[in-house]
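Notes to accompany the following structure.
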2 protein chains.
Amino acid sequence: MMWRAMEVEQRKISRAVISRLPRYYRYLGDLLEAGVERISSNDLSKKMQVTASQIRQDLNNFGGFGQQGYGYNVKYLYTEIGKILGLDKDHNFIIIGAGNLGQALANYASFERNGFILKSLFDVNPRLEGVTIRGIPVRMLDELEGYLQENDIEIAALTLPKSKAEEVADVLVANGIKAIWNFAHTDLTLPKDVIVESVHLADSLMKLSYNISQHNEIQK
Amino acid sequence: MMWRAMEVEQRKISRAVISRLPRYYRYLGDLLEAGVERISSNDLSKKMQVTASQIRQDLNNFGGFGQQGYGYNVKYLYTEIGKILGLDKDHNFIIIGAGNLGQALANYASFERNGFILKSLFDVNPRLEGVTIRGIPVRMLDELEGYLQENDIEIAALTLPKSKAEEVADVLVANGIKAIWNFAHTDLTLPKDVIVESVHLADSLMKLSYNISQHNEIQK
DNA sequence: TAGATTGTTAATCGATTAACAATC
DNA sequence: TAGATTGTTAATCGATTAACAATC
């Protein structure tokens, strides 16, 4: 039993490290596009404005992707980080709430490139019935349960008012959704095996505002 | 000279603390709405799933808002955190890129409640010329410089493709914009007195995806 | 081989939690 | 006053940076 616990423990990479991976992925993608074949942690650190030590430390959580005296092969590292992030597999997702933000996400086709496949949108507004976005249909919210039972959907993006969020999330979870990308301005309380990633736009804007005030203070 | 440096130093609240303030603000707002008059760090900690110690420590970075034996007055604390976040002042902002995401933000009227006043949108698409969103006009991007010189705009939200982001950001900064709310999938390199707050949606989705893969691994 | 650069251990720094005296 | 709860100091924990031996 002990080794099992440890095996799980071993996988527990800190949140700080995870949140840096997409950024590495982005920079490596740019390098790849620019035709760069290899890069050292030192050169990458200059581009990314982080320490080389942090880059090496971060990557070594997942394995030795580099080679002494050479550095990192850009294409290889890009692919490996993609695998770590689960981008080598397809993820079917739906959007609940086909308002402005929901439609904005639906139109954002570049998610598809990373394996995120939008299958349907849902809304309560009867005017949206039958509407399609990039060929993807908007369905009525009362069809949600039936739909989930017949389709293999992994992720749901919640782009609806916070008053409805918790309620809908419960339905989603009861019907097998494993992960929720939450844009509602509320913290969902769900079983802890459900993955919730929240984007709180208002919070982000407030941080910006804090920094402005701060900046003005110091000016004085 | 030393005391000046220290004075500035003193203000340097850690990023972790700042990023928790909007969440406190949100919870306090809910409590206020629910008619709760006072709350102890212990009760709040249970609601927010953080330690009471962290709450007290965080708040004490800014001053003693509580009272021994009583706790915190909800309304007072809410107002004070609002001030810290700069929400007691109005902030004029514009949106560059009136595509789906730009329009979604423009329609998101609740920003106004916190003092963020949308003054105009800008786009290159001639079809959007003259269009208004909630009465706010979309202007053509070539009018941007002139507009900035005649209007007092503090914040610009960048909701445009990353290929245009850097270029537009430079124009913004050259014309007095102090803060950029960046939705383009790129890190802007700007003078360090310009405040940049980025929302990288793709990064967020990748974190979600990582956690799904992780979860599946452990299941096995 | 010599030079470069990783992987990894050790040292430092910072953030979180615990504890408790101060005080309402 | 006694009880409750803060503000704050001290202890712990975790994350970042520095250093360097291993090795390509």
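Each chain gets a letter, A, B and so on, in the order its sequence line appears, and its residues count up from 1. All values below were derived from every heavy atom in this structure, side-chain atoms included, with hydrogens, water molecules and symmetry-related copies excluded.
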Please tell me if [X] has a side-chain N or O lying less than 4.0 Å from either OP1 or OP2 of [N].
{"X": "Arg56(A)", "N": "dT6(C)", "result": "yes"}
{"X": "Tyr72(B)", "N": "dG7(D)", "result": "yes"}
{"X": "Ser53(A)", "N": "dA18(D)", "result": "no"}

Between atom [atom1] in [X] and atom [atom2] in [N], what is the gap in whole Å?
{"X": "Asn61(B)", "N": "dG14(C)", "atom1": "CG", "atom2": "C1'", "value": "13 Å"}
{"X": "Asn60(B)", "N": "dA18(C)", "atom1": "CG", "atom2": "C1'", "value": "16 Å"}
{"X": "Lys12(A)", "N": "dC13(D)", "atom1": "NZ", "atom2": "P", "value": "14 Å"}
{"X": "Phe62(A)", "N": "dT8(C)", "atom1": "CZ", "atom2": "P", "value": "14 Å"}
{"X": "Gln68(B)", "N": "dT8(D)", "atom1": "CD", "atom2": "C1'", "value": "10 Å"}
{"X": "Asn42(B)", "N": "dG7(D)", "atom1": "CG", "atom2": "P", "value": "14 Å"}
{"X": "Gln67(A)", "N": "dG7(C)", "atom1": "CD", "atom2": "P", "value": "9 Å"}
{"X": "Gln54(B)", "N": "dC13(D)", "atom1": "CD", "atom2": "P", "value": "16 Å"}

The side chain to side chain contact (heavy atoms under 4.5 Å, CB included) partner of Leu32(A) among Leu77(A), Val74(A), Thr79(A) is Val74(A)
Hey, is CG on Asp152(A) packed in by over 12 heavy atoms from elsewhere, all under 6.0 Å? no
- Task: For the pair Asp187(A) and Arg23(B), find out whether any cationic side-chain nitrogen is under 4.0 Å from an anionic carboxylate oxygen.
- Result: yes
Sugar-phosphate only, base, or nothing, as touched by [X] at under 4.0 Å among non-hydrogen atoms:
{"X": "Arg20(B)", "answer": "sugar-phosphate"}
{"X": "Ser40(A)", "answer": "sugar-phosphate"}
{"X": "Thr51(B)", "answer": "sugar-phosphate"}

Should the side chain of Gln57(B) and the base of dT9(D) be counted as holding a donor-acceptor pair, with the cut-off at 3.5 Å? yes
When rounded to the nearest 0.5 Å, the distance separating CD1 of Ile96(B) from CG of Leu160(B) is 7.5 Å
To the nearest 0.5 Å, atom OH of Tyr27(A) lies from atom NZ of Lys47(A) at 9.0 Å
Per nearest nucleotide of DNA chain D, the residue lying toward the 5' end, Val50(A) or Tyr70(A), is Val50(A)
Exercise for the section: Walk me through it: do Lys89(B) and Glu154(B) pass the test salt bridge (Lys or Arg N to Asp or Glu O under 4.0 Å)? Expected result: CA-CA 12 Å; Lys89(B) 300 203 179 65; Glu154(B) 203 168 33; over 6 Å; no
Dot-bracket assigned to DNA chain C with the 3.5 Å Watson-Crick/G-U criterion, [ ] for crossing and | for other-strand pairs, is ..||||||||||||||||||||||
- Side-chain donor-acceptor pair present, Asp58(A), Tyr24(A), cut-off under 3.5 Å: yes
